[in-house]
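So that the names make sense, note that chain A is the first sequence line, chain B the second, and so on, each numbered from 1.
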Amino acid sequence: MLDKGFAYEVEEGGNKSVYFSVEKFSKYGKLSKKDINELLAGARVDIDERKNSPLDFALWKASKEGEPWWNSPWGKGRPGWHIECSAMALRLLGESIDIHGGGADLIFPHHENEIAQSEAFTNKPFARYWVHNGFITIDKEKMSKSLGNFFTIREVLERYDAEVLRLFMLSSHYRSPIEFSEDQLKEAEASLERYYSTVARMDEFIALNATKELASQKDFDLIKWFNSFVDRFKERFEEAMDDDFNTALALGNTFELIREINRFLDSKPEGQRAATALMKAKEAIGLVKEVFNIFTKTPYQWNVELLKIKKISLTPEDIESKISERNLARKNKDWTLADRIRKELLERGILLEDKREGTTWKVKV
RNA sequence: GGCGGCGUACCCAAGUGGCUAAGGGAGAGGUCUGCAAAACCUCGAUUCAGCGGUUCGAAUCCGCUCGCCGCCUCCA
């Protein structure tokens, strides 16, 4: 860039710094839609007499006393922040990359400067697509290290399953800011609960019907309609994702599918044809699993995981034995005892559900 | 102050010129159930921050106003 005239050297305490000359790069500001003249007029840009222009940025920075340094043709120093990214991209990904991501707060100056130095050097487009995400905010302020209003993913994962956190973030568009809140996490957890309850119902149905005779005529139209809904779901999910990663819409579609599955089950179809239709629906949901990395567990694994996260000191075996005890009471129509056992479990966070096929448990979210 | 973006129901959120404004949570009523839970059904924005304009037609386009956020400085 020195050879090409885009950069210049400046003597700084025995060593040299190299600055990029912004005015030499005519497209400067194209990403952040900023105008050089307006930037120059801005009072907040400090004047540094060593730079030709206050907007110029360091490609190589001479090290001051006590700062880390490497040897270079300009003496002791270190790379400028922006050049690191351009250098890595050029070395590992090539002159033009397909997608460059980052937080929206990096658009200016960081990404703008990456473009300037990379394109000045290669004379080729640096990135074909820029994908800038919104911030996670706390009390409407961006969460950041420098503001100190942050907590780590590890801390959140002590209280919530990773899928909860993923679902929470996927529930709004990546460019939108997302307000971090306990309520939102609980909502995401409840949504996953809804999913896993539905899968449990499906699995039960499939186990009971996979080898049964073909569906009766009454179920035939229903199954046909259900199959076509599942097919449409796959198309709609992909369309949403193809449209600038519209994850919130894709999730909306997913929960419509879940409602349709429940409706299908509520209509009490019978036979292997219905079981096959549900297996196809599970397969369709596999798309969500692959793309979003949620829905990766079995309902049982999900509940066992919740026992751990919610710090419930009961094993599945403990719960099963309570259920047996209660079922005996129910058989004897001892509703008082049955209700007491159910209540005791609920107080410890375990919810029982009585169904025709038996009683199941899950962790209350 | 400049630039960029946002404002949709009680909460979250999709929708950016034309089918009844997706979906989830919360709430109310109902079906099922020993009672529950879950699931399902019904109800819920005559309206998209406000005002004005363009259009046969606007949450969507334009203008102004209000509110919020980010960047415009070091560091990353």
Side-chain angles (χ1 to χ4, degrees), chain A residues 29 31-48 54-55 57-58 61 80-82 84-85 102-112 132-135 137 139-142 144-146 167-168 170-173 175-181 183-198 200-202 204 236 240 243 246-268 299 326 329-336 338-339 342-343 345-346 350-356 359-362 364-365:
Chain A
L31 180 71
S32 53
K33 296 175 190 160
K34 287 186 188 299
D35 184 278
I36 289 189
N37 295 321
E38 279 169 7
L39 284 170
L40 283 171
R44 296 187 62 186
V45 178
D46 286 334
I47 305 298
D48 183 334
L55 298 179
F57 57 90
K61 208 153 176 87
W81 166 43
H82 315 293
E84 301 168 37
C85 294
D105 53 344
L106 297 181
I107 293 171
F108 190 87
H110 186 232
H111 293 157
E112 197 67 70
H132 289 109
N133 59 274
F135 315 116
T137 62
D139 297 329
K140 299 259 180 183
E141 240 184 357
K142 81 167 170 175
S144 74
K145 233 186 319 187
S146 48
L167 185 65
F168 160 67
L170 292 167
S171 68
S172 65
H173 192 96
R175 273 189 274 105
S176 308
I178 184 167
E179 172 78 7
F180 189 91
S181 79
D183 285 352
Q184 294 305 307
L185 284 177
K186 287 197 176 117
E187 210 175 276
E189 192 174 50
S191 295
L192 282 167
E193 175 58 42
R194 179 172 160 78
Y195 164 77
Y196 283 112
S197 292
T198 303
R201 290 187 78 191
M202 290 169 89
E204 205 167 82
R236 290 197 299 156
D243 184 13
N246 195 338
T247 55
L249 181 60
L251 279 176
N253 293 336
T254 303
F255 282 97
E256 274 181 77
L257 175 63
I258 287 167
R259 189 186 59 206
E260 246 5 272
I261 290 167
N262 278 311
R263 282 180 59 169
F264 182 67
L265 287 166
D266 281 358
S267 72
K268 303 204 189 317
R326 177 167 169 273
R330 290 174 71 215
K331 208 173 159 189
N332 298 329
K333 300 213 185 302
D334 185 351
W335 306 126
T336 317
D339 289 353
R342 183 171 64 192
K343 195 171 166 239
L345 282 173
L346 186 62
I350 304 299
L351 195 67
L352 297 188
E353 290 179 5
D354 296 326
K355 297 171 194 164
R356 213 172 6 170
T359 300
T360 58
W361 63 272
K362 60 189 185 187
K364 191 175 185 331
V365 300

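Contact annotation: the side chain of A/S191 approaches that of A/L167 to within less than 4.5 Å [non-hydrogen atoms, C-beta and beyond]. Within the 4.5 Å cutoff, the side chain of A/T254 has no heavy atoms near those of the A/R259 side chain.
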>> Can you build the contact string for nucleotides 10-17 of chain B? Use B for base contact, S for sugar-phosphate-only contact, and - for no protein heavy atom under 4.0 Å.
In response: -BSSSS--

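Residue contacts shown for A/D339 include a base, since a base heavy atom lies under 4.0 Å away. Among the protein residues, A/I107 comes within range of no part of the nucleic acid, since none of its heavy atoms lies under 4.0 Å from any strand. Residue A/K61 is classed as a sugar-phosphate contact, given heavy-atom separations below 4.0 Å to backbone atoms only. Counting any heavy atom pair closer than 4.0 Å across all strands shown, A/R330 reaches a base atom.
Minimum atom distance to the side chain of A/R263 is reached by B/C40, of the listed B/C40, B/A38, B/C72. In this structure, of B/A76, B/C40, B/G34, it is B/C40 that holds the atom nearest to the side chain of A/R194.
Nucleotides B/A59 and B/A49 are separated by 10 Å at their P atoms, to the nearest Å.
In this structure, the ring of A/F180 has its center less than 6.0 angstrom from the ring center of A/F168. Ring centroids of A/H82 and A/H111 are separated by 6.0 Å or more, keeping the two rings apart.
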Please list, for nucleotides 58-60 of chain B, all pairs of protein and nucleotide N/O atoms separated by less than 3.5 Å.
none

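The aromatic ring of A/W335 sits over the base of B/G34, with ring centres less than 5.5 Å apart and planes inclined by under 30°.
A salt bridge is defined here as a Lys NZ or Arg NE, NH1 or NH2 lying under 4.0 Å from an Asp or Glu carboxylate O, and A/D334 with A/R326 fails to meet this definition.
Scored by the salt bridge (Lys or Arg N to Asp or Glu O under 4.0 Å) test, A/K186 finds no partners at all (sequence neighbours excluded). The side-chain contact (heavy atoms from CB on, under 4.5 Å) test applied to A/A248 returns A/N246, not counting sequence neighbours.
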> Dot-bracket, RNA chain B: Watson-Crick or G-U, under 3.5 angstrom, [ ] crossing, | other strand?
Replying inline: ((((((((.[[[..)..(....]]].(((((.......))))).....[[[[[..)....]]]]])))))))....

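Contact annotation: A/R175 does not reach the phosphate of B/G70 (side-chain N/O to OP1 or OP2, under 4.0 Å).
One side chain, A/S197 or A/E193, offers a donor N or O that lies under 3.5 Å from an acceptor on the other.
Remark: A/G252, A/F255, A/E256, A/R259 in residues 250-260 of chain A come within less than 4.0 Å of RNA chain B through at least one heavy atom.
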